[in-house]
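Comments concern the structure below.
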Amino acid sequence: MNSLIYDNLTLHTDKYQINMMYAHWVQGTLNDKAVFEAYFRKLPFGGGYAVFAGIERIVHYVQHLRFGDEEINYLREQEENYQEEFLEELRKFRFTGNLHAMKEGTLVFANEPLIRVEARVFEAQLIETALLNVMNFQTLIATKASRVKQAAGEDILMEFGTRRAQEADAAIWGARAAYISGFHATSNMRAGMLFGIPTKGTHAHAWIQGHDTEEEAFRRYAEALPNQVTLLVDTYNTLKSGVPNAIRIAHELKKQGKKLNAIRLDSGDLAYLSQRARQMLDDAGLNGVQIMASNDLDENIIVNLKAQGARIDSWGVGTQLITAADQPALGGVYKLVARERKGEYLPVIKVSGNPEKMTNPGFKDVYRIVNKETGRAEADYITLREEEDVKREERIKLFDPVHPYIHKFIDHYEAIPLLHPIFSDGELVYELPELQSIRSYHEKQLQLFWPQYLRKLNPEGYRVNLSMKAWQLKMDLIHQHQE
Ligand SMILES: Nc1ncnc2c1ncn2[C@@H]1O[C@H](COP(=O)(O)OP(=O)(O)OP(=O)(O)O)[C@@H](O)[C@H]1O
Ligand SMILES: O=P(O)(O)OC[C@H]1O[C@H](OP(=O)(O)OP(=O)(O)O)[C@H](O)[C@@H]1O
Ligand SMILES: O=C(O)c1cccnc1
């Protein structure tokens, strides 16, 4: 991984985290261990699943946490409360804890731990903000991209979002997230260089406007880039000028033993125009010339265009994807679930009038329960760490926490642990996978689920269940607090 994209992100945190670190230092509790879990409460885009992403950046962030002179001087200036000895303590700061997380590309669901941090509270508190920042954005874009991919099927998908993204980081990490979920290429050259994503590009309207005629513009462009050229045909009049000019150029290329790769439609009725353009190309003997579309596309428009019989072979998707336009935030949270007291972990809960905001207490694990007969996932199962039955793949009870009387027992299953060790006592113990293998892992993940959980519109809710013990612990703590 090229380190060019990484700044020192140590102060990429909210001031309240440093205030709490300071208060722990003052009170002598900084070394007490704490366990936090990151998760989201509601699936985005009204979908049935999300695609987890962000670990690569999080690993680099955690590995490089350092308070240097610049950071320390800044903190000294900013907060008169901070004592010099505290700032000295920060100089020694390293992440020394354990961090477990889902693998990038995993299909994930609401209310299950995606990242679990067990560390000195001093460390675990600092990293909340950056962890959520990265996880929320990258997971959101990977999820949106997966929906677009579902709509496009086997068609080629290009990520065109950079110019409309919320700044540079969002553009490149968003391009990476899209690639994980099955996009084929990005237009962002830096994302290509940094992550090894294939890059593709056509040309802009400016190229056409910059010549006396559209035909001349096409010809000059094809002369310069004769291999795999795609011509944008909508600058003046798609059917009367753009397509006929492109056909002329295609014939000229043919004579040179070259080939026009595609035309691109970027405005107007894409269903109608693609059908007419297809006919014109076919009539000219150019069946091999493909049609590409762009213009504020998203998964719904793509499905709709296909339903209208659009003849589009490849799709350029920008704004709607990179900004997650219909849901601009995932809403992931990072909650304390256990804290050390006298050398033992004490489970803690956040009680709330809103049942959705009630946390699941305790040091937990999460397993994907895969039916051995069907090979499909039945549920994700959250247990307390010490529970053994699921590890031994013995009979477990799946029940709906909202309606506990609805339950079923399951015997013949494989329990796949979803949280993988990433840092152990501060050491990186996880080998970051190649982007290609994250992408193929994601594809395999999709095959693990029945289609009713994956469909874009009104999917069935996939079960995320608490074990009886985890549920009982939650009930006990709620009752304790009520008393
Ligand atoms: N047949 C179609 N069915 C549904 N949506 C379509 C169809 N054709 C195009 N769209 C989408 O409708 C929107 C049209 O956007 P807009 O109103 O900006 O039109 P435009 O053709 O780009 O106009 P302009 O030339 O002024 O930019 C885009 O999101 C486009 O992807
Ligand atoms: O519509 P999006 O999904 O965001 O995809 C990216 C858009 O960016 C370009 O338009 P722009 O008007 O910026 O430049 P152009 O002059 O090359 O068309 C391109 O033609 C797409 O329409
Ligand atoms: O290559 C393209 O056609 C392209 C790239 C970025 C944005 N819009 C289009």
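We count ligands from 1, going down the list as the structure has it; atoms in each ligand are counted the same way.
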Using a 6.0 Å distance limit plus a 45 degree cone around the ring axis, check whether [X] lies over the aromatic ring of [Y].
X	Y	answer
Lys103	Phe52	no
Lys335	Tyr39	no
Arg248	Phe218	no

Could you tell me the residue and atom name of the protein heavy atom closest to [atom], and the distance to it rounded to 0.1 Å?
atom	result
atom 30 (C) of ligand 1	Asn295 O, 3.4 Å
atom 22 (O) of ligand 2	Asp266 OD1, 2.7 Å
atom 16 (O) of ligand 2	His205 ND1, 3.2 Å
atom 7 (C) of ligand 1	Leu305 CD2, 3.7 Å
atom 1 (O) of ligand 2	Asp296 N, 2.7 Å
atom 8 (N) of ligand 1	Leu270 N, 2.9 Å
atom 24 (P) of ligand 1	Ser267 CB, 4.5 Å
atom 9 (C) of ligand 2	Arg163 NH1, 3.8 Å
atom 3 (N) of ligand 1	Gln308 NE2, 3.0 Å
atom 5 (N) of ligand 1	Ile301 CG2, 3.9 Å
atom 17 (O) of ligand 2	Ala204 CB, 3.2 Å

Return the orientation label for the [X] and [Y] ring planes: parallel under 30°, perpendicular over 60°, tilted otherwise.
X	Y	answer
Phe449	Phe109	tilted
Trp173	Phe195	tilted
His211	Trp207	tilted

Presence of salt bridge, [Y] and [X], under 4.0 angstrom:
X	Y	result
Glu215	Arg219	yes
Lys258	Glu252	no
Lys408	Glu378	yes

Give the atoms of ligand 1, by number and element, whose distance to some non-hydrogen atom of [X] is under 4.0 Å.
X	answer
Leu297	31 (O)
Asp296	29 (O)
Ala271	1 (N)

(request) Provide the number and element of each atom of ligand 2 under 4.0 Å from a heavy atom of Gly318. (result) 2 (P), 3 (O), 4 (O), 5 (O)
(message) ring pair (Phe, Tyr, Trp, His ring centres under 6.0 Å), that's the test. Do Tyr453 and Tyr49 meet it? Break it down for me.
(response) CA-CA 7 Å; Tyr453 300 122; Tyr49 65 96; over 10 Å; no
(message) One residue to check: Glu159. Relative to ligand 2, which of side chain, backbone, both or neither has a non-hydrogen atom less than 4.0 Å away?
(response) neither
(request) Using a 4.0 Å heavy-atom threshold (strictly under), name the region of Thr319 that reaches ligand 2: side chain, backbone, both or neither. (result)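 Both parts.
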For [X] against [Y], the heavy-atom pair lying closest together:
X	Y	result
Arg41	Ala110	O-CB, 3.4 Å
Arg176	Gln138	NH1-OE1, 3.8 Å
Tyr441	Gly105	CE2-C, 3.8 Å
Pro44	Thr143	CG-CG2, 3.9 Å
Ala277	Ile263	CB-CD1, 3.9 Å

(message) When you measure from the side chain of Ser146 to the backbone of Ser181, do you find a donor-acceptor pair of N or O atoms at a distance under 3.5 Å?
(response)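 Not a single qualifying donor-acceptor pair exists.
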(request) Identify, chain by chain and in numerical order, each protein residue with a heavy atom under 4.0 Å from an atom of ligand 3. (result)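 Answer by chain and number: Phe160, Arg163, Ser187, Gly201, Thr202, Arg264.
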(message) Evaluate Gly268 for polar contact with ligand 1, using N/O atom pairs at a separation under 3.5 Å.
(response)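 Right, the criterion is met.
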(message) If you measure every N or O of Asp269 against every N or O of ligand 1, does any of those distances drop under 3.5 Å?
(response) yes
Measure from [atom] to the protein's non-hydrogen atoms and state whether any distance is below 4.0 Å.
atom	value
atom 13 (C) of ligand 1	no
atom 17 (O) of ligand 1	no
atom 27 (O) of ligand 1	no

(request) Could you tell me whether Glu70 atom CD has more than 12 heavy atoms of other residues or ligands within 6.0 Å of it? (result)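 Result for CD/Glu70: open.
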(request) Could you verify whether a donor N or O on one side chain and an acceptor N or O on the other, from Tyr367 and Glu414, lie under 3.5 Å apart? (result) no
(message) Contact between ligand 2 and Arg164 is defined here as a heavy atom of the residue under 4.0 Å from a ligand atom; is it met?
(response) yes
(message) So is Arg264 touching ligand 2 or not, going by heavy atoms under 4.0 Å?
(response)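 Right, Arg264 reaches ligand 2.
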